[in-house]
Structure formats: structure tokens, C-alpha cells
Amino acid sequence: MTVTVVPTLPTLPTLPASSRPDPLGVLGVPGEINLDYAASAPCARAAADAVAELLPWYASVHRGAGALSRRCTLAYERARQTVADFLGARPDDHVIFTRNTTDAVNLLARALPAGTTVVTFAGEHHANLLPWPRGSVRLPVPASPAEAVRALDAALTELRRGSAGTGVQAGQARVGAGTRPGLPVLVAVTGASNVTGECWPVAELARVAHRHDARILVDAAQLAPHVPVDLAALDVDYLALSGHKLYAPFGAGVLVGRADWLDAAPPYLVGGGATSHVGAATHEVRWADGPARHEAGTPNLLGAVALAAVCAALTEADRDELHAREQALLTRLRSGIAALPHVVELRTFGPDAPRVGIVSFVVAGRDSAEVAAHLADAHRIGVRDGLFCAHPLARRLLAEAAARSGRRDLPPTALRASLGLGTAPADVDALLTALATLP
């Protein structure tokens, strides 16, 4: 990983450990019940404190000789290394700071070698569905994790044969149509669904991809806030995530992964910082290698530092304990929903599939937007309503929920409750009570 070397500067005084607040405590408004973590998680104390500590020193990054600028450059590059360590990045991986997951996926889409075929599933968030080039292969939503693995294996086998194939759809074209053997292939898949919270078999999909000489990108926006993610252990080539879903709402995300495609591609943005030389002629430019190539302009120092602070705090925390606590809350929520005869949960896989703290559901005979407004106005509970920027998947799951429940009065959009570090059992109970007593 490319890191700028800067001199070490004295650190600011810190509080004794015994007097520091919990770094993973989240900020919030008393009386407001936030069950919308999957959209944007609240700010962790670690992120807020890191930003407050650095603000007096705020100055340019990579562009100044003064003490403030040197300190900020050091903080920015240390943040890059902290994020790399948190995600288990390999030594030669690039860690590129972006705005969010959508920005990171679009960056990789722009960096793909010519002729790359991208294979996705129809269950993806729009951020991992829309940026890919024409001719990308979109596989149907699988009914189980094992089916996802089998479907990918079959699709990649067909792609590598370069045949017209068996009718798996690539937009309106079949797998293999227009694909020549030997050209690059990228598999792009979510780590955990933003609609259902169900976890996808990332390691197994990576093994299949690599067996067929394809690379794999994981959208970890919903996975990383809930469970540890290790690129090297999963053998994933690229990973994208958002700070605002990881308790660091300061406008930063990351793309982490193999350097060769990123160093060979034109810069995602052009401008200051992305160049090693600009000559007098109009197009006399040599682009930088490493993360700087795709980080033109003044970087988001505070976003990077906030994200790194949360990564460091999570690294120090007992992730098993946090996961067990969340799973207990999730079981409480799903069991309570199952006991309400007029509420139907959405799911892609079976009811016992591993999942993170996200539950989508519908209230029979009730408009989802109206229910969400009632929860907010009458109970001060915040949930999400709509199709969750995953329209193909959400619509399919709504149809499946209607067939499974035998209800013909389900609305065309859904509600989503999502849990996180600041969620308490009383918050879950308040939602269940509100749903049970809807007027």
C-alpha cells in the first residue's frame, strides 16, 4: 500500500483511560428512537472526538511545510493505514478514500480494463447494479446462499466458454453473448443485503470467481458495521464501504483492493494531487501511481480521520460480544413481527439464514409511507419506507411475501427497521407495540 512519509509530530494530550467516554457510544437525541441505521448510522463518540481533536490543527494535506499541514498529512495517511488494518488489506493493496460506497463502486467501474464483463445478482443495491458497463451479466436472485454459488459457477463457466449459452440473462442478452474468452471478468456482490440483512456467501463466491480467473468486488456497506471483514481471509479482490454507515458520518468511504487495474486506469477525477508531472503542452501529463491517482483535489481529511477512529475503536472492542447482543435484539424484533398477524417480513433466503440487524416488512392493508409517518409522529420512532434503492429486489420480495402469506392487501412498498450500537431492547419493544396498536 502506498503511504506518504511525513515526520512524526507530538500528539495532543489525551484523557486518562478511566475518564474517557465509551468510544463506541453513539450520539443521539433523547426521546427519539432511531431504527434507521442501515440508511445512515449515528455518529460514534470515537468519530466525534477524533474530529474535535484535529479541528484546531486543520490545514492542507500533502501540500504544506508548516506544522499544521504536516500534522494533517500524518493524520490522513495514518487513517489510511488504520482502515487497511481494519479490513485486512494485503501489503500491496491500495486504500483509496472516496465519498461513500456508491463513489467507490463507480471508481472501480471507471477503472475496469477494456472488455471487462461484470457479473452481478439482481438482489444488489443500485450502487452495485447501475455503474457497470453495458453487457454486464445480471443473474436472478437466488433462493439460498448455495444456489448463489451454483448460479455463479454456471455463469462463469459459460462466460469462459464464450458460447451463446443457456439463457441466463445479461440485461436482455444471454451470458456469453458478445464475450470473448480471455477478457477480464469481475463479480460484484453484496456482503449483506440492505433490504433483508441476509449475509451472502462471500468466501464461497470468491473461491468460485478465482477458480474461473475472475476477480470479485464486495459491497460491504451493510456488512462491515456488524461483523469483522478481512480481505485477505475472504480472498476478496476489492471491497467498498461507507463511513456514514460505520458510525463516521463525515463524508468518507473507501475502495480497497488490488493495485494493477487502479494504477493502469486514467484517474477517476483529474486535478491537483493526481499528477506527478504536468508539462507546458496541453496533454503533457504523467499521472501519479497509488491512491493519489484517484484522490484529486483537497482530500476529506476529517472524514478519513473519523472513519479510522471508528475502525480503531471496533478493532479494540469485543466484536463477538457486540454481535451476540445485536443478534439477540434481531431475534426479539423478528419474533415480535412474526407474532403480529397483519405484519409480513420480507426475505430472500430461508428464515434461518445468517443476517445482520436489518428487517424489512409490510403491514397488510396499510400504506408503508403512512405507517412510517405515524411511527414518527405518534411514537418518535424513525424507520425507513420505500424500496430502499434496491428496486428489483424489493419488488420481487414484496411479490414473494404476498404469495407466502396469502395476503392480497400488501402495499407496493415496504418498511425497514435496522439496528446498531445504540439500539436498546426498549427501542425494539416500542416498535412492536406501535405496530400492534396501529389505529
- prompt: Any donor and acceptor pair, going by atom type alone, linking the side chain of H379 with main-chain N or O of I381 inside 3.5 Å?
  reply: no
message: Holding to side-chain hydrogen bond (donor to acceptor under 3.5 Å, both in side chains), I want the full list of residues that pass it with D385, two or more places apart in sequence or in another chain.
response: none
T315: side-chain hydrogen bond (donor to acceptor under 3.5 Å, both in side chains) partners, not counting sequence neighbours: none
- request: Return the set of residues passing side chain to side chain contact (heavy atoms under 4.5 Å, CB included) with E400 (not counting sequence neighbours), or none when no residue passes.
  value: R404
query: If you measure from CG on L231 to OH on Y238, what distance do you get to the nearest 0.5 Å?
result: 11.0 Å
query: With no hydrogens and no angle check, is any side-chain donor or acceptor of Y58 less than 3.5 Å from a backbone partner on L68?
result: no
Near-ring test H126/H391, centroid separation under 6.0 angstrom: yes
query: How far does CG of L419 sit from CG of L431, to the nearest 0.5 angstrom?
result: 9.5 Å
query: Residues two or more places apart in sequence or in another chain: which of them pass side chain to side chain contact (heavy atoms under 4.5 Å, CB included) with C43?
result: L27, A47, A48, P249, F250
message: Strictly by salt bridge (charged side-chain N to carboxylate O under 4.0 Å, His left out), give each pair with a member in residues 30-46 just once, sequence neighbours left out.
response: E32-R380, D36-R416, R45-D49
query: Residues in side-chain hydrogen bond (donor to acceptor under 3.5 Å, both in side chains) with R110, at least two apart?
result: none
- prompt: Would you say S418's side chain and Y37's backbone share a donor-acceptor pair under 3.5 angstrom?
  reply: yes
message: When you measure from the side chain of R334 to the backbone of P351, do you find a donor-acceptor pair of N or O atoms at a distance under 3.5 Å?
response: yes
query: Should the pair E295-R80 be classified as a salt bridge under the 4.0 Å nitrogen-to-oxygen rule?
result: yes
Pi-cation contact, W261 with R215 (under 6.0 Å, within 45°): yes
- prompt: Just by distance, do the side chain of E326 and the backbone of G420 share a donor-acceptor pair under 3.5 Å?
  reply: no
- line: All heavy atoms of V256 vs all of A89, minimum pair found to be CG1-CB, 3.9 Å
message: Can you confirm whether L314 sits close enough to L246 that some side-chain heavy atom of one is under 4.5 Å from a side-chain heavy atom of the other?
response: yes
